[in-house]
Structure formats: structure tokens, C-alpha cells
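Encoded as C-alpha cells, the structure appears first; notes follow it.
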Amino acid sequence: MIKAVRGTRDLLPPETALWNFVEAAVRDVFRAYNFHEIRTPIFEDTQLFTRSVGEETDIVSKEMYTWEDRHDREPTIWELVLTLSSRFADSRVSFLRGGGAAVFGPHMILESDDIVRLFLVTLVPLPPDFDSLAGYSKLVEQTFPGKTIEYGIAFPSGIPVSAGTKHQAQERHVRLEEVKVRMPQSLTLRPENTAGVVRAYIQHDLEKRGLNKLYYIGPQFRRERPQKGRYRQFYQIGAEVIGPATAGSESPARDAEILELLATLLDRLGIKDWILQLNSIGCANDRAAYNEALRQALQPVASKMCVDCQRRAVTNPLRVFDCKVPEDQPIIEKLPRISQFLDEPCRQHFQQVQEILKSIGVEFQLNDRLVRGLDYYTRTAFEFTHGALGAQNAILGGGRYDGLSEALGGPAAPGIGFAIGEDRLVMSLSESAEAVYRKPDVYIAPLGAGMNKEAARLARELRRHDIVVELGDESFRLKKSLETASKMGAKYALIAGENELSTGVLALKNLATGEQKAVPRNLLAQVIQS
Ligand code: HAM
């Protein structure tokens, strides 16, 4: 039997009702904060992630689903020239001086023992008034006396050859079909969505719109060791606020708004006892100084640490904090803290974020060991944890990434965002799937041959009133229909037999109480909904 791949899973009803419940609540909250949805592709150019999340991170170095894909591109003129010369391998190749290379391409001369071929190589269709190659006949005949001369035009596949040149009859058109150039391209299933959003911001010039408040809901992929709350295909609900600094994107007010939104969202979903852990990891300058301090502090102790840390100590010391090896923790515990390295603007920015949070009553804990596992972060970094989740207790994480757009070749665009692990969010709900799973209001039991048609008509009428209808089948006995209806939790069974339909009064059975009533057809919707 083929099963779902390790670390992936099927979400089935009734659990999917819980996912829909969460997503509907989330969309409501995003609406209130004026966020709009963005959907980016599930796979991207691998470089997008290596350049943003960072080569040294666990995500990029160990966890990405990457493969070599390829796309076909059109050949360059020189690739055409090479292809053509390989077709006439017995010929010597030269080029005609002044042969129009600037407009269409070079004129190639292919000379063998008894024949000379003059080809124009071109990437573009020739205009109808193109002055034919035969115009060169005198020159070529003089240069190669006594040889047969053939004229031709070489096109790549995909270019129409028909463009009528004046002396077509004398010319040979060579179509170079095989010259599709296969380009290898490294692609990756997205391990996170911030990089994709920032790429889209740059690609579509979203800077023009000022402050962009975007959210997404969708699958992400990381090759992590699967365990409770950790999957290889998991889902994130995330948001990004990004724009030019003049639109306010750098303001601590954005940070506070994001954090307050999250507190509101979790409260609204009835998730209690979350803890907001907050830190500032400074700007690029602070980080350079901090990295240097870490490097120095690590130098004498690195040899006692795991191999990953030994490498990180040299290449990207901040990543030492991602280490999960228990023996390394006492060393990591003694390392300098980023809070000692913040410059004045970063310190003030962080101070203001905290002040706003206090004034609106969002509680937080400062945690200066929180550096987050992705390289693009600057300044504010945060995680919300929840005790009930066990080892994988981060329900969401996020932070600022003020230099990311520039690192990807875009304009300066400070930004801040977060991603909630939806799988973990659903796990921490107290709500049960049963409670939000909508069961049928009514089960229609057609009784006897020919009644499926009538039942379908009834179902259509009732569904127009937003009543959830399940249809039985005329081949079922009444007893079976009633049992099926009870099993699926329908509120009522509606009996549609020939008698009932001809009198226009139908039998409606309340499946919880067993009480049966005769209800005129035109009142059915009203009674079912009451
Ligand atoms: P992240 O901390 O890597 O941040 O992931 C955010 C959340 O996704 C985690 O807190 C966790 O709940 C969930 N998550 C991560 N990996 C898994 C997994 N294997 N299985 C289940 N859930 C998982 C980011 O992804 C950033 N892009 C967040 C962000 C947005 N920062 C700024 N904007």
C-alpha cells in the first residue's frame, strides 16, 4: 500500500472543520487590521532562500527540498553559428566581412572541396523586402572561382522561415531545430514565505503602493525530523508589513501593531497562557560587533563543541544559538548577549516598542537569548510559546528584516512580519473539531422507485435557504435511511414518498427526540431552521 510520505499527513474531516474555523477567524482579524492576501508560488529559485534565510542556517544547510530543474531558452547567435558549422563538418568556416552582423547576424561561409555555402544566420524573421544573399554572388564567385555556390538562411526553431526574400528560389533555408538550449536551474520548495513575499514586493514594484500589509496562508516544506508538532509539510499563517521608510515601515508602531494583532488573534481563538518572548537583535552594525565578540568568546571553547558549532564559530557565530546539543548549552549560556551591543537608535527603537506594548496592555517577557533561526532578522525578534505544545512549543515566530529587500537586489524597504505554525495553532485550540463541524440539518429519504427525482427537487429548494441537506437514495429501505441519517448526526429526516409529495405535506422526523410531524412543503425550510 502506498502511504503518505513521512512527515506529511492527510487532514480529514471533521478536523478540517477546525482548520477552516481558524482560517475564517484569522481572515476576519486580518481584515480588521487592513491586511490583504498575497499568494506566492510554492517553489522558487533556490538562491532566493540561500540569500535571505542564509547559507549557514539549519533551514538552508539541511532542510530544504531542492532539485535540479531545467528550462529551455532560445539560442544566442553564436550557438546557432556553432550548430550550423557542425552540420557541415567537412567545411572550412569563415565569415563575410561587412555581412550585416549588426542587424540580422553574421554571414557564414562554409567551404568544402567542391561547394561553397553562404549562409545568413539570424535570430529574427527577415522582412519581406530583405535583399537576398544572391547580392553577394559576384563577390563569392570571385573569391571561390570554379566552385558551386549555394545560398541559405539559417533560423532557430520557432522563427517563421517564410519571410519572402527576393530570390528565395535560389536559397536554402536551414531550420536549426535542435538548438533549444537547456539551462539547469536549481529550485526549492519554499521552507518559509517571507523571502517569496519580499521577492514579489521587488518584482512588482510594490513600493509604489506605500506601506504593504500582506498576509498568506499555505504549506511550507522543511526536511526536519518529524515529531509531534513538527512536519515536513506544515502550514503557516503569516503576515508581512513592508514598504519605504517614508511610509512608516520602520516605525516601532508597526512592531507593536503586529504584536498586538497576534495577541488579539490568539485571544480570539481562545488560546490562553501564551507567552510573548521579545528581543532586539540590533542592526547590521551591532551584529557585526556582536559577531566579532562571539567569535572571540568562542575561539577558546569551540573545540569542545559539536562539529556544527565548530563550523558556525568561524562562519556565522550567531547560529551557535540554534544548537540543540545538550553538552554545548553550558558554553552557549556564558556567551555575550546581543543586548549589550545595541547602538543608540536600536536601543531606542526597542524601548519604544516596549512602551507601546505596555500602554496597550500586551504582556511580554524579554529574552536576550532569542536570536531566531533565520539570517535576515534585524532589531525586533519575537516568538509566542505555548506550554501545551511540548517540545515544539513555538506557536509562531517573527521579527524585523530591514535589510532583506536590498540583500535581494531591491530598494530599501524595512519590514516586519510573523508566521504562525497552523498545525501547532490547531493543536493548541481548546475547541473540538466536533463543535465546529457542521452536520446536516436534514436527511431526505426518498421512498420508492422514481422518488430520487422528487428528492432532488426538495433538496434544491431547501439548500437555497442555506439548509445543509444530505440525500438518501430511493433504493434504501426507510429503516436504513433513518439509521444513516442518525449516524451522520442529521437533525431531521424528511420522508419523501409518493403519498407525501402528492398531498404536499411531508413527514419530518426529529432524530434526537424521535418525534414526527406532518409539515406542508412550503413551511419546511422555516420549521427546519426554527
Ligand atoms: P519560523 O520561526 O521558521 O519563522 O517559523 C514560524 C513558525 O512555523 C514556527 O514558530 C512554528 O510554529 C512553525 N513551524 C516551523 N517549522 C515547522 C515544522 N517543521 N512543523 C510544524 N510547524 C513548523 C519563519 O518561517 C519566518 N518566515 C517568520 C517571519 C515572517 N518572520 C518575518 N516574517
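Order of listing sets the numbers, starting from 1, for every ligand and every atom in it.
- Applying the salt bridge (charged side-chain N to carboxylate O under 4.0 Å, His left out) test between Glu37 and each of Lys213, Arg31, Arg27 identifies Arg27 as the sole match.
- The local environment of CZ in Arg70 is sparse, with at most 12 non-hydrogen atoms from other residues, nucleotides or ligands closer than 6.0 Å.
- Ring-centre distance between Tyr215 and Phe30: below the 6.0 Å cut-off.
- Listed by chain and residue number, nothing satisfies the ring-ring contact (aromatic ring centres under 6.0 Å, His included) test with Phe321 (two or more places apart in sequence, or in another chain).
- With respect to the salt-bridge test (charged N to carboxylate O, under 4.0 angstrom), the residues Arg319 and Glu55 do not qualify.
- When heavy-atom distances to ligand 1 are checked against 4.0 Å, the residues falling inside are Glu192, Thr194, Tyr216, Arg222, Glu224, Gly229, Arg230, Tyr231, Phe234, Gln236, Glu240, Arg372, Leu374, Tyr376, Tyr377, Ala394, Ile395, Leu396, Gly397, Gly398, Gly399, Tyr401, Gly417, Phe418, Ala419, Gly421, Arg424, ordered by chain and number.
- Relative to the six-membered ring of Tyr231, Arg9 meets both conditions, a distance below 6.0 Å and an angle of at most 45° to the axis.
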